[in-house]
Novice: 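This structure is in C-alpha cells; I'll ask about it shortly.
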Amino acid sequence: MKNTPVLAIIIPCYNEELCIHSTVEKLLSLLDTLAAKNKISNKSYLYLIDDGSKDLTWSIIENLHKTDTRVKAVKFIRNFGNQKAILAGLEGVREIGCDCAVSIDADLQQDENAIEKFIDEYMSGADIVSGIRNDRKTDPFFKKITALMFYKIMNILGAKIPPNHSDYRLVSKRAIDVMELYPEKSLFLRGFFNELGLQTSYVYFDVKPRMAGKSKFNFMSLMTLALSGITSYSVVPLRFVTVLGFFMALFGFLVGVETVIEKIFLHNSPNGWATAIILSCIFGGIQLFCLGLIGEYVGQVFMEVKSRPRYIKDKELK
Ligand code: UDP
Ligand code: MG
C-alpha cells in the first residue's frame, strides 16, 4: 500500500492575469479538500510556470506566494511555449520533491475535480493517468476538425495517443525519473508518456469554456505543435516518402516502356498533351511535398544538434 502521496499541480501560464488568481484559489481549496479526505499529503503544492508573460501574471503569482507558500513558481526569461513550460514544471517538481504531479491549464477549462479520480488511479498502481475530454463542444469548428485529423494521423503513425487527450494528466515520480533519461530537446509529451510502457489509466472529464481572456494558441502555434509532434515522434513519414518514390519510379518506367513500344511498333503520332501536363504537375507536387517533409526532419535534426536549452529560468519562488 502506498503512503498518502505528495501531489504537485503544474500550471503553465502565459498572459493569464485574468484567470490566475481565481485558478490558484480554487486549486488550493481543492488541495485542502483532498488532504482532509486523506487522499493527499498536506505537503502538496502548486507549481506555476510563467512562460514569459508580458502582463501582470508574475506579480500576481508573487503575491499569492507571499500569502501561501504552497504556491511555488518559476518564471522564464521569455516565451518558450506550452510544452516547454510543462516540461519545466515536471523537472521543477522533481527537484522540489513530490510523489506524483498533475498538469492542468491555467484557465481551468479542464474539470479540476477529476484530479481526485487521478489520485485514485495512481493509488491503485497507475504511473500515468491521462485525462480524456468527453467532447469538444467548447472548441471552434476549425480546431475540432484539425485536432481530429491530427490524432488520426498520429494513430496511423503508430502513436497510441487517445483522441481528445490534452496535457491534463497525472504522472508518478517514477515516470518523471524515466523522462529525465531522454535527453532530446523536443519531447512531445502526449506521445511520449503514452508510449513509455508504464502502467497507464484513463479518466474522463468535462471541458468548460475558458473562464477569462483569450486562447493563447493561434493557427500557427497549433500547426507548429502538430508538426513537431509528428516529426519528433515518428520516422514513418520518411519511410512513406521512400515507398512512394519507389512506386512513382516504377510507374514512370512502365509508362516509358509503353511509349517506346507505341513509337516503334504502332507508329502513333504524339497525342496526350493534357496527360503530359497533368502528370508533370502531379509529380512536381509530390516531389515538393516530399522535399518539404524531409526538410521538416532536417529541421528537427538541426534543432537537436544545436542542443539549445529547452528553457531558461529567470526567477524562482520556492
Ligand atoms: N500556454 C503557455 N505558453 C504558451 C501558450 C499557452 O504556457 O505559449 C498555457 C496557457 O497559459 C494555458 C495553457 O497553456 O494555461 C493552454 O492554453 P490555452 O488555454 O490558451 O489553450 P486552449 O485551451 O485554447 O487550447
Ligand atoms: Mg484553454
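Both counts, for ligands and for their atoms, begin at 1 and track the order of listing.
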Novice: Under a single-linkage rule joining Ile, Leu, Val, Met, Phe, Trp and Tyr whose side-chain heavy atoms are separated by less than 4.5 Å, which residues share a cluster with Phe247?
Specialist: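 Joined to Phe247, directly or through intermediates: Val243, Phe246, Leu250.
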
Novice: Report the residues that fulfil salt bridge (Lys or Arg N to Asp or Glu O under 4.0 Å) with Glu258, sequence neighbours left out, ordered by chain and then residue number.
Specialist: none

Novice: Charged N to carboxylate O under 4.0 angstrom, Arg310 versus Glu91?
Specialist: yes

Novice: Quick one: look up the protein heavy atom nearest atom 20 (O) of ligand 1 and list residue, atom name and how far away it is.
Specialist: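 Checked against all protein heavy atoms, atom 20 (O) of ligand 1 sits closest to Lys216 N, 2.5 Å.
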
Novice: If you measure from the Lys or Arg side-chain nitrogens to the Asp or Glu carboxylate oxygens, is any gap between Asp177 and Arg94 under 4.0 Å?
Specialist: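 A salt bridge links Asp177 with Arg94.
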
Novice: Tell me: protein heavy atom nearest atom 8 (O) of ligand 1, and distance?
Specialist: Asn79 ND2, 3.1 Å

Novice: Can you report which non-hydrogen protein atom sits closest to atom 18 (P) of ligand 1, along with the distance?
Specialist: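 Protein heavy atom with the smallest distance to atom 18 (P) of ligand 1: Arg210 NH2, 3.4 Å.
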
Novice: Tell me which protein heavy atom sits closest to atom 12 (C) of ligand 1, plus the residue, atom name and distance to 0.1 Å.
Specialist: Glu16 OE2, 3.5 Å

Novice: What's the shortest distance from atom 17 (O) of ligand 1 to any protein heavy atom, and which residue and atom give it?
Specialist: Phe217 CE1, 3.7 Å

Novice: Within ligand 1, which atoms have a heavy atom of Ala106 less than 4.0 Å away?
Specialist: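 Contacts of ligand 1 toward Ala106, numbered from 1: 12 (C), 15 (O).
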
Novice: Report yes if some heavy atom in the side chain of Leu317 is under 4.5 Å from a heavy atom in the side chain of Val71; otherwise report no.
Specialist: no

Novice: Below 4.0 angstrom, N of the basic side chain to O of the carboxylate: do Lys173 and Asp99 qualify?
Specialist: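 So Lys173 does not pair with Asp99 through a salt bridge.
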
Novice: Give the numbers and elements of all ligand 1 atoms closer than 4.0 Å to a heavy atom of Gly81.
Specialist: 3 (N), 8 (O)

Novice: Are any non-hydrogen side-chain atoms of Phe76 and Ile49 less than 4.5 angstrom apart?
Specialist: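 A side-chain contact under 4.5 Å exists here.
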
Novice: Answer with side chain, backbone, both or neither: which part of Cys13 has a heavy atom less than 4.0 angstrom from an atom of ligand 1?
Specialist: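 Backbone only.
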
Novice: Backbone or side chain, does any N or O of Asp51 fall under 3.5 Å from an N or O of ligand 1?
Specialist: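 Yes, Asp51 has an N/O under 3.5 Å of an N/O on ligand 1.
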
Novice: Quick test: of every protein heavy atom, which one is nearest to atom 23 (O) of ligand 1, and how far off is it to 0.1 Å?
Specialist: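 Nearest protein contact, heavy atoms only, for atom 23 (O) of ligand 1 is Gln109 OE1, 2.7 Å.
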
Novice: Starting from atom 22 (P) of ligand 1, find the nearest protein heavy-atom neighbour and note its residue, name and distance.
Specialist: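 Looking only at protein heavy atoms, the one closest to atom 22 (P) of ligand 1 is Lys143 NZ, 3.5 Å.
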
Novice: Counting no waters, what protein N/O/S atoms lie under 2.8 Å from the Mg ion (ligand 2)?
Specialist: Asp107 OD2, Gln109 OE1

Novice: Suppose the criterion is salt bridge (Lys or Arg N to Asp or Glu O under 4.0 Å): which pairs have a residue in residues 206-218, not counting sequence neighbours?
Specialist: Glu16-Arg210, Glu16-Lys216, Asp107-Arg210, Glu112-Lys208

Novice: Tell me, which protein residue and heavy-atom name are nearest atom 19 (O) of ligand 1, and how many Å apart are they?
Specialist: Asp107 OD2, 2.7 Å

Novice: Taking Asp139 first and then Arg133, would you say they form a salt bridge - that is, a charged N and a carboxylate O separated by under 4.0 Å?
Specialist: yes

Novice: Check this for me, if you would: do Lys318 and Glu95 make a salt bridge, where the nitrogen-to-carboxylate-oxygen distance has to be below 4.0 angstrom?
Specialist: yes

Novice: With a 4.0 Å cut-off on N to O distance, would you call Asp32 and Lys37 a salt bridge?
Specialist: no

Novice: For ligand 1, which is the ligand I care about here, please tell me if Ala85 has any N or O atom under 3.5 Å from one of the ligand's N or O atoms.
Specialist: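 Between Ala85 and ligand 1, no N or O pair is found under 3.5 Å apart.
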
Novice: Do Asp120 and Lys39 meet the salt-bridge criterion of a basic N to acidic O distance under 4.0 Å?
Specialist: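 Judged by the 4.0 Å cut-off on N to carboxylate O distance, Lys39 and Asp120 do form a salt bridge.
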
